[in-house]
Amino acid sequence: MAIGAAISSRNFGCFVGSGIAYQTEQTCTLKGERLLGACASCGHGNFNKKPCVHRGYTTFMSFRTPNPVSHLIRSSDLSFTRCRAVLDHQFIGSTVFGEDFYNVDVKRSVKVIWSRKLIINQRKSRTRADYKSEPYDINLDSLNPSEVPNEAVLLDGSIQKTSSLWEQFPKRWVIVLLCFASFLLCNMDRVNMSIAILPMSAEFNWSPATVGLIQSSFFWGYLLTQIVGGIWADKIGGKLVLGFGVVWWSLATVLTPIAARLGLPFLFAMRALMGIGEGVAMPAMNNILSKWIPVSERSRSLALVYSGMYLGSVTGLALSPVLIHKFGWPSVFFSFGSLGAIWFALWAKNAHSSPQEDPYLSAEEKRLILGGSVSKSPVTVIPWKLILSKAPVWALIIAHFCHNWGTFILLTWMPTYYNQVLKFNLAESGLFCVLPWLTMAVVANIGGWIADTLISKGLSITTVRKIMQSIGFLGPAFFLTQLGRVNTPALAVLCMACSQGSDAFSQSGLYSNHQDIGPRYAGVLLGLSNTAGVLAGVFGTAATGYILQRGSWDDVFKVAVVLYVIGTLIWNFFSTGEKILD
């Protein structure tokens with residue numbers, strides 16, 4: 001049987017070039033003399049061809065595993081003699097090898113043990129060919145073991161290491177899952193204060209005004225790093241920036257109990273520092289996914305990542321009371337913050353800012369990712385004048401403001417509404433506060449799959465983004481108008497859940513649009529629009545308290561509905577899904 005040939009794992013039948021069975025015995029070496037075998041890489045298909053040596057190596061196939069594994073051996077270091085093969089039948093088609101082809105020990109010398117069974121498949125019959133073989137000693141003293149890698153050689157000449165099931169999982173979705181985990185931790189560390197503040201205020205005798213300052217101090221730092229984080233990510237890469245953010249806010253979370261015991265100024269500063277860390281998360285994530293995710297998977301990947309925020313809120317709200325009850329309020333900060341170290345270890349090992357930087361990315365997946373029109377060159381200068389001169393950019397900023405006004409109001413004031421209007425007790429209010437987050441996590445992923453499916457069916461990206469964001473605006477507007485008409489708490493809770501559920505379609509609308517219109521500047525664009533969104537949350541929360549002092553909840557909802565309608569009109573008139581920034 002021929003052994004000095006590169007046999008492709010995709011076409012085992014090519015090693016018999018003529019398809020005619022015959023008996024032959026001849027001496028062959030790997031230094032230019034005649035060689036038994038055929039090379040799939042260069043097309044040699046006759047037993048009497050000269051050896052095929054590519055880049056100084058000759059390839060031998062080992063069938064020790066279901067997937068053939070080849071061993072590359074330098075052709076100048078060994079020779080084979082007296083290779084005899086007896087084929088009893090004429091045959092065509094592909095082959096399946098049933099036993100070990102050979103065993104190699106590259107440390108000193110080699111015993112070549114030939115397989116005694118070869119199963120050859122035909123369309124309608126099966127033929128068995130038995131080989132007469134003898135072991136031969138081969139001197140490999142000059143061969144370095146490192147020069148015989150356990151790698152598979154593909155037809156196109158690229159080399160791919162054999163891998164486990166986890167390593168075969170698409171690398172781009174490993175990045176998505178790690179981003180999902182970071183956003184899960186982000187909201188867990190953010191919402192724990194809303195629960196821990198109750199025993200903390202009782203212990204330190206804080207007034208309601210002081211509690212309000214502590215809660216708002218987070219946004220002092222959060223606002224500072226939205227645009228800065230986007231610039232940083234676009235220039236030096238999302239891996240470093242997101243890794244920095246998670247480590248920074250996790251450390252601030254762990255140090256929060258210590259800062260609280262030192263005094264209010266230290267606590268204010270620690271909450272602001274935590275905001276600085278979390279402020280870079282969304283721009284950095286947007287940057288890294290713009291490089292890793294093709295357009296056909298963009299909506300569902302972003303929906304999955306953002307659903308991590310919603311599930312983080314659910315997890316934080318559910319676990320914090322249990323930890324406080326059993327171990328005291330400091331345990332919430334210590335336990336949640338320490339999870340960041342585990343995440344960072346996984347991130348440092350598996351993440352890269354772009355596909356080009358990942359040495360283990362398969363050639364097939366790299367072609368899929370880089371097959372689009374996204375520019376991969378690094379950003380050196382941010383063209384602010386060009387960015388701010390584009391109408392779709394302003395549509396994105398205004399839409400983000402309108403969206404977050406309603407969202408922050410519902411999420412911030414929802415417990416108060418449940419307690420004062422629906423007459424739920426605090427335990428019931430906390431339970432029902434989780435429902436909208438769960439609804440958003442589920443619907444966001446459904447919306448992502450719908451959006452990507454519509455794009456794959458040929459619908460334009462612009463049309464899909466407008467449809468999804470229109471649902472994200474008009475859905476909440478409709479259900480908020482129904483709150484004043486329902487007569488039971490159950491229906492009111494249902495309206496709130498449906499409002500937030502339809503809001504989650506925005507993940508496939510405006511939240512995906514940054515990468516559509518300017519993939520190179522995705523981090524900066526999200527930093528700009530999210531700054532407007534954070535300001536909407538700050539002003540909207542304050543304005544709601546002012547409205548409630550002089551009006552009613554209906555007035556609060558009417559303001560949100562008006563902004564939703566304005567956002568819908570501006571989005572549909574001025575937004576686009578086409579790339580406008582190159």
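The analysis underlying the following values was restricted to heavy atoms, covering all of them including side chains, and did not include hydrogens, waters or symmetry mates. Residue numbers count from 1 along this sequence.
The residues Arg465 and Asp516 are annotated as salt-bridged, a charged nitrogen and a carboxylate oxygen being separated by less than 4.0 angstrom. A salt bridge does not link Asp234 with Arg520: every distance from a Lys NZ or Arg NE/NH1/NH2 to an Asp or Glu carboxylate oxygen is 4.0 Å or more. A salt bridge links Glu297 with Arg172: the distance from a Lys NZ or Arg NE/NH1/NH2 to an Asp or Glu carboxylate oxygen falls below 4.0 Å.
Across all their heavy atoms, Ala260 and Met200 have their closest contact at CB-CE, 3.9 Å. Residues Gly447 and Phe505 share a closest heavy-atom pair of CA-CE2, 3.9 Å. The shortest non-hydrogen separation linking Val211 to Ser201 is CG2-CB, 4.0 Å. Here the closest non-hydrogen pair linking Ala351 and Lys239 is O-NZ, 2.8 Å. Taking each heavy atom of Thr462 and Gly577 in turn, the nearest pair found is OG1-N, 2.7 Å. Taking all atoms of both residues into account, the shortest heavy-atom contact from Val176 to Leu289 is CG2-CD2, 4.0 Å.
The shortest distance between side-chain heavy atoms of Trp437 and Leu311 does not fall below 4.5 Å. The side-chain heavy atoms of Leu525 and Ile517, taken from C-beta on, include a pair separated by under 4.5 Å. Taking 4.5 Å as the limit, every side-chain heavy atom of Phe336 sits out of range of all side-chain heavy atoms of Thr256. Looking only at side-chain heavy atoms (C-beta outward), Leu317 and Ser194 come within less than 4.5 Å of each other. Val538 is not listed as a side-chain neighbour of Phe408, based on a closest heavy-atom distance of 4.5 Å or more. Looking at heavy atoms from C-beta onward, Phe218 lies in side-chain contact with Arg190 at the 4.5 angstrom threshold. Counting heavy atoms from C-beta outward, Leu528 and Trp384 have side chains that approach closer than 4.5 Å. Residues Ile467 and Leu459 are in side-chain contact: their nearest non-hydrogen atoms beyond the backbone lie under 4.5 Å apart.
Scored by the side chain to side chain contact (heavy atoms under 4.5 Å, CB included) test, Leu262 finds Ile258, Phe266 as partners (sequence neighbours excluded). With sequence neighbours left out, the side chain to side chain donor-acceptor pair (under 3.5 Å) criterion links Asp554 to no other residue.
A side-chain donor-acceptor contact under 3.5 Å links Trp343 to the backbone of Leu178. No donor-acceptor pair under 3.5 Å is formed between the side chain of Ser512 and the backbone N or O of Gly509. At distances below 3.5 Å, not a single donor-acceptor pair connects side-chain atoms of Glu357 with backbone N or O atoms of His352. Looking only at distances, no side-chain donor or acceptor of Asn187 sits under 3.5 Å from a matching main-chain atom of Phe183. For the pair Trp292 (side chain) and Ile175 (backbone), a donor-acceptor distance under 3.5 Å is absent. Although no hydrogens or angles enter the test, the distance criterion places no donor-acceptor pair under 3.5 Å between the side chain of Glu278 and the main chain of Trp249. Looking at Lys466, its side chain does come within 3.5 Å of a backbone N or O of Asn572 through a donor-acceptor pair. Listed for the Ser299 side chain is no donor-acceptor partner under 3.5 Å among the backbone atoms of Ala451. Remark: side-chain polar atoms of Lys171 are paired, donor with acceptor, to backbone N or O of Asn350 under 3.5 angstrom. A donor-acceptor distance shorter than 3.5 angstrom exists from the side chain of Ser502 to the backbone of Cys498, with no hydrogens or angles considered.
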Working for side chain to side chain contact (heavy atoms under 4.5 Å, CB included), residues Arg261 and Phe204: CA-CA 9 Å; Arg261 299 190 187 281; Phe204 297 110; 4.2 Å; yes

Criterion side chain to side chain contact (heavy atoms under 4.5 Å, CB included) on Met285 and Tyr306, from CA distance to verdict: CA-CA 10 Å; Met285 176 277 300; Tyr306 282 115; 3.5 Å; yes

side-chain hydrogen bond (donor to acceptor under 3.5 Å, both in side chains) between Gln507 and Tyr310, intermediate numbers included: CA-CA 12 Å; Gln507 310 305 331; Tyr310 311 143; 2.3 Å; yes

Audit row: Leu510, Ser529, side chain to side chain contact (heavy atoms under 4.5 Å, CB included) steps and yes/no: CA-CA 10 Å; Leu510 74 88; Ser529 69; 5.6 Å; no

Pair Thr453-Ser456, side-chain hydrogen bond (donor to acceptor under 3.5 Å, both in side chains): steps then yes or no: CA-CA 5 Å; Thr453 301; Ser456 67; 5.1 Å; no

Candidate pair Ser508 and Ile450, rule side chain to side chain contact (heavy atoms under 4.5 Å, CB included), full reasoning: CA-CA 9 Å; Ser508 302; Ile450 292 174; over 6 Å; no

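The distance from the OG atom of Ser320 to the CE atom of Met193 is 10.5 Å, given to the nearest 0.5 Å. Atom CG of residue Asp452 and atom CZ of residue Arg300 lie 4.5 Å apart, to the nearest 0.5 angstrom. Phe219 contributes atom CZ, which lies 9.5 Å from atom CZ of Arg271 (distance to the nearest 0.5 angstrom).
Counted within 6.0 Å of CH2 on Trp347, heavy atoms from surrounding residues, nucleotides or ligands total more than 12; the atom is thus considered enclosed. The neighbour count for Trp394 CH2, taken as heavy atoms of other residues, nucleotides or ligands under 6.0 Å away, does not exceed 12. In Phe574, the CZ atom is not crowded: 12 or fewer heavy atoms of neighbouring residues, nucleotides or ligands sit closer than 6.0 Å. Within 6.0 Å of atom CZ in Arg485, 12 or fewer heavy atoms from other residues, nucleotides or ligands are found, so the atom counts as exposed in its surroundings.
With no hydrogens or angles considered, no side-chain donor-acceptor pair links Ser250 and Thr253 at under 3.5 Å. If you check the side chains of Gln469 and Ser506, you find a donor sitting under 3.5 Å from an acceptor. With hydrogens and angles left out, the side-chain atoms of Ser575 and Asn513 include no donor and acceptor closer than 3.5 Å.
With ring centers used as reference points, Tyr564 lies 6.0 Å or more from His403. Ring centroids of His514 and Tyr521 are separated by 6.0 Å or more, keeping the two rings apart. Outside the 6.0 Å centre-distance limit, the rings of Phe539 and Trp405 are not counted as a close aromatic pair.
Below 30°, between 30° and 60°, or above 60°: for Trp329 and Phe333 the angle between ring planes is above 60°, a perpendicular geometry.
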